[in-house]
Amino acid sequence: MEQKPIECWMTDMDGVLVREGSIVPGADTLLSRLRDKGVPFLVLTNNSIHTPRDLRYRLQATGLDVPEESIWTSALATAAFLGEQRPQGSAYVIGEAGLTTALHDIGYVITDRNPDYVVLGETRTYSFSSIATAMRLVEQGSRFVATNPDATGPSPEGILPATGSVAAMISKATGVDPYFVGKPNPLMMRAALNRLGAHSESTVMIGDRMDTDILAGLEAGMRTVLVLSGITREHEIDRFPFRPTRVVSSVADLIDDV
């Protein structure tokens, strides 16, 4: 079957556009070309710590100019999901401004008194007290939602426990598994497609992880491009039962495709 021309682009952020706080060579040229040609695009991230405004500022510091409206986070996807499931609801939240702002923006009340949901996101300061509160609320019947399943995150000192690891702790204590909204859940991708007004058959997803970015794009019906500038190494691709549509060294190899 003949493939439709690519009309929209989605790309992961860490490992694709930036790496260890520095721009990946070619990322600025790719985004500039997309903007100059009026091609719709979104930068996606499973990290729920920062608001799009904060991320725009952080990307600008590396030399990348990405409008706020072109950034889609797991926090925004989680808020969109909860807004559809239970409008004007309430939640006990473990997370940072990216998540709490997104929930406030959809009219949610953040409380520890009989919340509809316990929402777990990313934070650099997970506290025993807040985790214990989350456990008790889930045990008492609050629905358990987490922004993303990533078990670890990077830091200058090495890996840190991330949302997936803390979620596992709460699940072990309560016997309740969370619903993960972020990648590889195609829900996040479909919400991103809706935000762009795009169709999966004419959209490509660029990522550096087979188990999140490529899997999410595949399950959402998109073409996928794995870049080797981040997590997944080339020799690891064959370990997975699925393959990306294309494998390239970095986003610099995609500039002429726009």
Side-chain angles (χ1 to χ4, degrees), residues 3 6 9-31 33-34 41-50 55 58-59 62-64 66 71-74 122 124 146-168 180-186 188-189 192 200 203-258:
Q3 290 186 323
I6 295 173
W9 293 64
M10 294 186 191
T11 175
D12 183 44
M13 187 171 68
D14 295 311
V16 179
L17 302 178
V18 293
R19 182 176 52 211
E20 296 176 1
S22 299
I23 188 174
V24 172
D28 52 346
T29 305
L30 177 67
L31 295 184
R33 186 164 295 189
L34 289 169
F41 72 93
L42 276 182
V43 174
L44 279 68
T45 177
N46 258 359
N47 193 313
S48 64
I49 290 178
H50 305 290
L55 286 173
R58 291 167 69 89
L59 288 170
T62 71
L64 289 175
V66 182
I71 298 173
W72 185 246
T73 71
S74 64
E122 211 76 61
R124 293 287 185 248
T147 57
N148 64 288
D150 301 61
T152 61
S155 79
E157 295 80 26
I159 63 171
L160 293 171
T163 307
S165 294
V166 179
F180 290 109
V181 176
K183 298 175 293 182
N185 189 341
M188 180 169 175
M189 312 306 289
S200 60
T203 304
V204 63
M205 174 65 195
I206 311 166
D208 70 311
R209 293 186 64 140
M210 287 289 289
D211 57 345
T212 55
D213 306 317
I214 302 306
L215 180 57
L218 172 74
E219 292 191 345
M222 291 185 269
R223 272 168 278 183
T224 56
V225 177
L226 177 72
V227 294
L228 301 175
S229 54
I231 297 294
T232 300
R233 306 266 69 88
E234 189 168 16
H235 70 272
E236 296 173 321
I237 298 172
D238 284 338
R239 297 180 184 176
F240 293 86
F242 53 89
R243 292 185 63 83
T245 309
R246 186 178 173 191
V247 180
V248 298
S249 295
S250 75
V251 288
D253 298 314
L254 300 174
I255 294 170
D256 291 337
D257 294 345
V258 178

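Just the heavy atoms: all of them, side chains too, but no hydrogens, waters or symmetry mates, feed the values below.
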Are T224 and D213 close enough, and set up right, to give a side-chain contact (heavy atoms from CB on, under 4.5 Å), and what steps lead you there?
CA-CA 8 Å; T224 56; D213 306 317; over 6 Å; no
Give every residue pair that meets the salt bridge (charged side-chain N to carboxylate O under 4.0 Å, His left out) criterion with at least one member in residues 245-258, sequence neighbours excluded.
R33-D256, R246-D257
Non-hydrogen atoms of D12 and L17 that approach each other most closely
O-CG, 3.7 Å
To the nearest 0.5 Å, what is the distance between OG1 (T245) and CG (L218)?
8.0 Å
Is it true that a side-chain atom of D208 and a backbone atom of I231 form a donor plus acceptor pair closer than 3.5 Å?
yes
If every non-hydrogen atom of T203 is compared with every non-hydrogen atom of W9, which pair is closest and at what distance?
CG2-N, 4.5 Å
Worked verdict on V18 versus R58 for side-chain contact (heavy atoms from CB on, under 4.5 Å)
CA-CA 10 Å; V18 293; R58 291 167 69 89; over 6 Å; no
Going by the salt bridge (charged side-chain N to carboxylate O under 4.0 Å, His left out) test, which pairs reach into residues 223-235, not counting sequence neighbours?
none
At what distance, to the nearest 0.5 angstrom, does CG of L215 lie from CE of M205?
11.0 Å
Under 3.5 Å, which donor-acceptor pairs do the side chains of residues 41-49 form with other protein atoms, sequence neighbours left out?
residue: T45; atom: OG1; partner: N47; partner atom: N; Å: 3.1
residue: N46; atom: OD1; partner: K183; partner atom: N; Å: 2.9
residue: N46; atom: ND2; partner: D150; partner atom: OD1; Å: 2.9
residue: N46; atom: ND2; partner: K183; partner atom: O; Å: 3.0
residue: N47; atom: OD1; partner: I49; partner atom: N; Å: 2.8
residue: S48; atom: OG; partner: E122; partner atom: N; Å: 2.9

S229 side chain to G15 backbone, donor-acceptor under 3.5 Å:
yes
So how far is it from D211 CG to R239 CZ, rounded to the nearest 0.5 Å?
12.0 Å
If you round to the nearest 0.5 Å, how far is CE of M222 from CE of M10?
5.0 Å
On a heavy-atom basis, which atom in V225 and which in I214 lie closest, and how many Å separate them?
O-CD1, 3.6 Å
Output the distance between atom OG1 (T232) and atom CZ (F240), rounded to the nearest 0.5 Å.
5.5 Å
Taking all non-hydrogen atoms of both residues, which atom of V227 and which atom of S250 are closest, and how far apart?
CG1-C, 3.9 Å
Smallest separation among heavy atoms of I206 and L30, with atom names:
CD1-CD2, 4.4 Å
Could you please spell out the steps behind the side-chain contact (heavy atoms from CB on, under 4.5 Å) verdict for L226 and L228?
CA-CA 6 Å; L226 177 72; L228 301 175; 4.0 Å; yes
Compare every heavy atom of M188 with every heavy atom of S74, then report the nearest pair and how far apart it is.
N-CE, 3.7 Å
Quick one, V251 and V16 - any side-chain contact, counting heavy atoms below 4.5 Å?
yes
